[in-house]
Asker: 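First the structure, then my questions, so here it is.
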Amino acid sequence: METIHTITSPDLTAKLNKVEIDIVHFIDNWLPTLTDWSVDELAHKTRVTASDANAAVDMLILHGLLANDGDCPATGRRVLVPHDAALWMRENSETIYNIKQMIDTDLFTSDEIAES
């Protein structure tokens, strides 16, 4: 069973899994410079399969954190970050970062994981 992480704010309560957290964390690091992405690029940057990225993006769209931006002949399916979602990510960036640190075991050695 996968772990779901809940981020609660007055405007939105998002229940996100690891892949969704990875994608939101990656996007948040680039806001406001970049606001639209290829789903394949998000998959590559977060080291997940294209099908996992598409499933995560679909859930993020349902939460209102992303929106479809059509298809590009060169890069495939594209998504963008709506203005309200960008504000939500900025307001919750510390929480997103902390969850990312907690669930990304690649950042730690086996000894550090065992201690925690």
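Values reported hereafter were calculated over all heavy atoms of this structure, with side chains retained and with hydrogens, waters and symmetry mates removed. We count residues from 1, following the sequence as given.
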Asker: Looking at every non-hydrogen atom in both residues, tell me the closest pair between Cys72 and Thr75 and how far apart they are.
Answerer: CB-OG1, 3.3 Å
Asker: Just checking, any donor-acceptor pair under 3.5 angstrom between side chains of Asn54 and Ser51?
Answerer: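 Distance-only check fails for Asn54 and Ser51.
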Asker: Got Ile21 and Ile7 here, is their nearest side-chain heavy-atom distance under 4.5 Å?
Answerer: yes
Asker: What distance separates Thr46 OG1 from Glu41 CD, expressed to the nearest 0.5 Å?
Answerer: 10.5 Å
Asker: Determine the minimum heavy-atom distance between Asn29 and Arg90, stating which atoms define it.
Answerer: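 Closest approach of Asn29 to Arg90, heavy atoms only: N-NH2, 4.5 Å.
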Asker: Name the residue from Lys100, Arg47, Lys45 that meets the side-chain hydrogen bond (donor to acceptor under 3.5 Å, both in side chains) definition with Asp22.
Answerer: Lys100
Asker: Sequence neighbours left out, cut at 3.5 Å: what donor-acceptor pairs do the side chains of residues 59-67 make with other protein atoms?
Answerer:
residue : atom : partner : partner atom : Å
His63   : NE2  : Lys15   : O            : 3.2

Asker: Does any non-hydrogen side-chain atom of Arg78 lie less than 4.5 Å from one of Val39?
Answerer: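 No, too far: nothing below the 4.5 Å cut-off.
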Asker: Is any side-chain heavy atom of Asp11 less than 4.5 Å from a side-chain heavy atom of Asp84?
Answerer: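 Heavy-atom side-chain distance check fails, nothing below 4.5 Å.
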Asker: Calculate, to the nearest 0.5 Å, the distance between atoms CD1 and CG belonging to Ile103 and Asn98 respectively.
Answerer: 11.5 Å
Asker: If you measure from OG on Ser38 to CG on Asp69, what distance do you get to the nearest 0.5 Å?
Answerer: 11.0 Å
Asker: Can you find a pair of side-chain heavy atoms, one from Asn17 and one from His5, that are under 4.5 Å apart?
Answerer: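 Asn17 vs His5: side chains apart.
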Asker: Working to the nearest 0.5 Å, report the span between CD of Glu94 and CD1 of Ile99.
Answerer: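 Between atom CD of Glu94 and atom CD1 of Ile99 there are 11.0 Å.
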Asker: Residues two or more places apart in sequence or in another chain: which of them pass side-chain contact (heavy atoms from CB on, under 4.5 Å) with Tyr97?
Answerer: His25, Gln101
Asker: When rounded to the nearest 0.5 angstrom, what distance separates CG in Leu80 from CG in Leu34?
Answerer: 12.5 Å
Asker: Is any side-chain N of the basic residue among Arg77 and Asp71 closer than 4.0 Å to the acidic one's carboxylate O?
Answerer: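 Not counted as a salt bridge, because no side-chain N and carboxylate O are separated by less than 4.0 Å.
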Asker: Where do Trp88 and Leu12 come nearest, in terms of heavy atoms and distance?
Answerer: NE1-O, 3.6 Å
Asker: Can you check side chain to side chain donor-acceptor pair (under 3.5 Å) on Thr49 and Asp52, steps first, answer last?
Answerer: CA-CA 5 Å; Thr49 64; Asp52 285 348; 3.3 Å; yes
Asker: Quickly, which of Asp36, Ile23, Leu42 forms a side-chain contact (heavy atoms from CB on, under 4.5 Å) with Val79? Name it, please.
Answerer: Leu42
Asker: Check whether any side-chain heavy atom of Thr33 sits under 4.5 Å from a side-chain heavy atom of Leu31, and report yes or no.
Answerer: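 The answer is no; the side chains never approach within 4.5 Å.
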Asker: Rounded at 0.5 Å granularity, tell me how far CH2 in Trp37 sits from CH2 in Trp30.
Answerer: 6.0 Å
